[in-house]
Amino acid sequence: MTDRTLLGVLTPSSNTTLEPVTADILHGVNGVSAHFGRLKVTEISLTDQALSQFDNEPFLQASRLLADARVQSITWSGTSSGWRGFQDDEILCRAITEATGIPATTSVLALNELFAITGVKRFGLVTPYLHEVQQKVINTYAAAGYECVAERHLNDRGNFSFSQVSEATIEEMIRAVAREQQCDAITVFCTNLRGARVAADLEQELGIPIYDTVSTGVWKGMLLADRDPARVKNWGNLFSLKP
């Protein structure tokens with residue numbers, strides 16, 4: 001095989017959703033596959049211990065191992081910069097590329113790029129997070145000029161438990177956000193929720209773009225690897241979008 005596209009994906013250790021969902025998204029996209037590196041993440045809260053899970057060194061160690069597989073992009077498929085600040089992901093991506101020579105992105109930076117491409121200013125937010133984490137995410141986006149006009153969250157510190165949330169629950173959270181306020185887009189902001197599986201159908205039902213953060217990472221990872229994300233079919237409108 002000479003024309004393979006290998007996407008590197010950094011995965012929280014307690015996440016059991018993003019790997020199978022990423023593989024399903026790429027199923028049928030000939031020659032493109034995802035390859036995963038794990039780093040320890042077991043709790044989503046604002047404690048010092050929980051915040052320190054996202055310090056750069058474990059990411060760099062995992063990225064160096066992915067580089068051995070000759071991946072053509074590396075994506076942090078996590079949303080930690082939502083509550084730690086977008087600068088975290090920007091610094092991380094520069095550090096990964098400096099350490100490996102491989103272009104890097106994150107689910108959140110990809111989401112923000114999609115917001116910019118599609119002119120999103122007012123958005124709906126669906127997460128499983130604690131009250132205080134949810135508010136941090138809202139504040140981070142507000143500081144960047146985005147208004148969260150409706151939100152739903154489960155007040156769960158997770159992380160493993162997020163994967164046990166049913167698709168029916170996620171669907172109802174999305175519908176509730178859509179009913180509450182007119183949004184330019186809704187994001188399912190957690191890579192251990194199965195939002196990608198319901199996004200495409202709900203986009204058609206609600207007439208609102210729905211950006212799941214597993215999907216946003218795949219979208220940008222393909223672009224960085226010089227592959228057209230439009231080759232992904234039936235997983236939402238975002239895969240047809242270009243910078």
Side-chain angles (χ1 to χ4, degrees), residues 12 14-18 21 41-55 76-90 92 106-115 120-199 202 206 208-217:
S14 54
N15 186 313
T16 60
T17 296
L18 79 85
V21 169
V41 177
T42 57
E43 178 184 324
I44 304 301
S45 74
L46 301 183
T47 67
D48 289 344
Q49 180 176 350
L51 291 172
S52 70
Q53 297 172 118
F54 303 104
D55 292 345
W76 161 225
S77 193
T79 53
S80 51
S81 71
W83 54 93
R84 285 175 51 112
F86 299 147
Q87 74 284 344
D88 255 34
D89 278 1
E90 294 163 356
L92 173 64
T106 75
S107 294
V108 172
L109 294 182
L111 172 65
N112 296 352
E113 186 173 349
L114 285 161
F115 276 8
V120 171
K121 291 299 182 184
R122 293 161 49 87
F123 74 99
L125 178 65
V126 172
T127 86
Y129 300 141
L130 295 171
H131 301 319
E132 57 267 31
V133 174
Q134 185 83 342
Q135 191 59 54
K136 277 281 192 180
V137 175
I138 291 169
N139 293 347
T140 298
Y141 273 91
Y146 299 99
E147 181 184 6
C148 178
V149 296
E151 62 85 20
R152 291 293 186 276
H153 62 285
L154 299 174
N155 197 35
D156 184 3
R157 70 193 315 118
N159 185 53
F160 176 82
S161 55
F162 301 162
S163 67
Q164 298 174 303
V165 177
S166 70
E167 291 177 14
T169 296
I170 298 167
E171 288 178 341
E172 181 48 42
M173 293 170 76
I174 294 170
R175 289 191 181 102
V177 165
R179 287 193 300 266
E180 185 171 317
Q181 287 285 344
Q182 183 174 353
C183 307
D184 299 324
I186 296 172
T187 178
V188 181
F189 195 86
C190 173
T191 64
N192 206 13
L193 285 182
R194 288 174 284 166
R197 296 194 184 279
V198 302
L202 285 177
L206 301 172
I208 302 170
I210 299 173
Y211 299 143
D212 172 82
T213 47
V214 173
S215 298
T216 63

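Hydrogens, waters and symmetry mates play no part in the numbers below; they use all other heavy atoms, side chains included. By convention here, the first residue in the shown sequence is residue 1. Every value quoted in this text rests on a predicted model; they were computed, and no experiment measured them.
- Taking the side chain as every heavy atom from C-beta outward, L154 and V165 approach each other to under 4.5 Å.
- Considering only heavy atoms from C-beta on, F123 stays 4.5 Å or farther from C183 through its side chain.
- By the 30° and 60° cut-offs, the orientation of the rings of F189 relative to Y141 is perpendicular.
- Taking both residues in full, the closest heavy atoms of T216 and S107 are given as OG1-O, 2.9 Å, listed atom of the first, atom of the second, then distance.
- Put simply, the side chain of T187 gets close to the backbone of Y211: a donor and an acceptor are under 3.5 Å apart.
- Rounding to the nearest 0.5 Å gives a distance of 11.0 Å between CD1 of I174 and CG of L125.
- With rounding to the nearest 0.5 angstrom, the CZ atom of F162 is 5.0 Å from the CG atom of D156.
- Proximity of a side-chain donor or acceptor of T213 to a complementary backbone N or O of V188 within less than 3.5 Å is detected.
- Checking side-chain atoms of T79 against main-chain N and O of C190 turns up no donor-acceptor pair under 3.5 Å.
- Distance alone, capped at 3.5 Å, places no donor-acceptor pair between the R194 side chain and the T17 backbone.
- Of all non-hydrogen atoms in L130 and I44, the two that sit nearest each other are CD1-O, 3.7 Å.
- The two residues V41 and P12 have their closest heavy-atom pair at CB-CB, 3.7 Å.
- You'll find the side chain of W76 stays beyond 4.5 Å of the side chain of V108, heavy atoms only.
- Here the side chains of I210 and S215 are not in contact, with every heavy-atom distance at 4.5 Å or above.
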Full working for side-chain hydrogen bond (donor to acceptor under 3.5 Å, both in side chains) between T16 and S163: CA-CA 6 Å; T16 60; S163 67; 3.1 Å; yes
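- S77 contributes no side-chain N or O that, together with a main-chain N or O of V214, makes up a donor-acceptor pair within less than 3.5 Å.
- Ion pair R152/E172 not flagged as a salt bridge, since none of the NZ, NE, NH1 or NH2 atoms sits closer than 4.0 Å to an Asp/Glu carboxylate oxygen.
- Under the 3.5 Å distance criterion, the side-chain polar atoms of D184 are matched with a main-chain donor or acceptor of R122.
- Counting heavy atoms of neighbouring residues, nucleotides and ligands inside a 6.0 Å radius, atom CD of Q87 exceeds 12 of them.
- Note on ring orientation: taking the six-membered ring where Trp is involved, the planes of F115 and Y146 are tilted (angle from 30° to 60°).
- With values rounded to the nearest 0.5 angstrom, K136 atom NZ is found 8.5 Å from L51 atom CG.
- Nearest heavy-atom pair, V149 versus E180, reported as atom, atom and distance to 0.1 Å: O-OE2, 4.1 Å.
- Ion pair E132/R157 not flagged as a salt bridge, since none of the NZ, NE, NH1 or NH2 atoms sits closer than 4.0 Å to an Asp/Glu carboxylate oxygen.
- The distance from the OG1 atom of T140 to the CZ atom of R84 is 11.5 Å, given to the nearest 0.5 Å.
- In this structure, C148 and E151 approach most closely via the heavy-atom pair SG-CB, 3.9 Å.
- Within the model, atoms CG of L206 and CD of E171 stand 10.0 Å from one another, a figure rounded to the nearest 0.5 Å.
- N15 and T191 form a side-chain donor-acceptor contact under 3.5 Å, judged by distance and modelled atom types alone.
- A distance of 9.5 Å separates CG in D88 from CZ in F54, rounded to the nearest 0.5 Å.
- Tested against S14 for a side chain to side chain donor-acceptor pair (under 3.5 Å), the candidates T42, N159, N192 yield a single pass: N159.
- Taking each heavy atom of N155 and H131 in turn, the nearest pair found is OD1-N, 3.0 Å.
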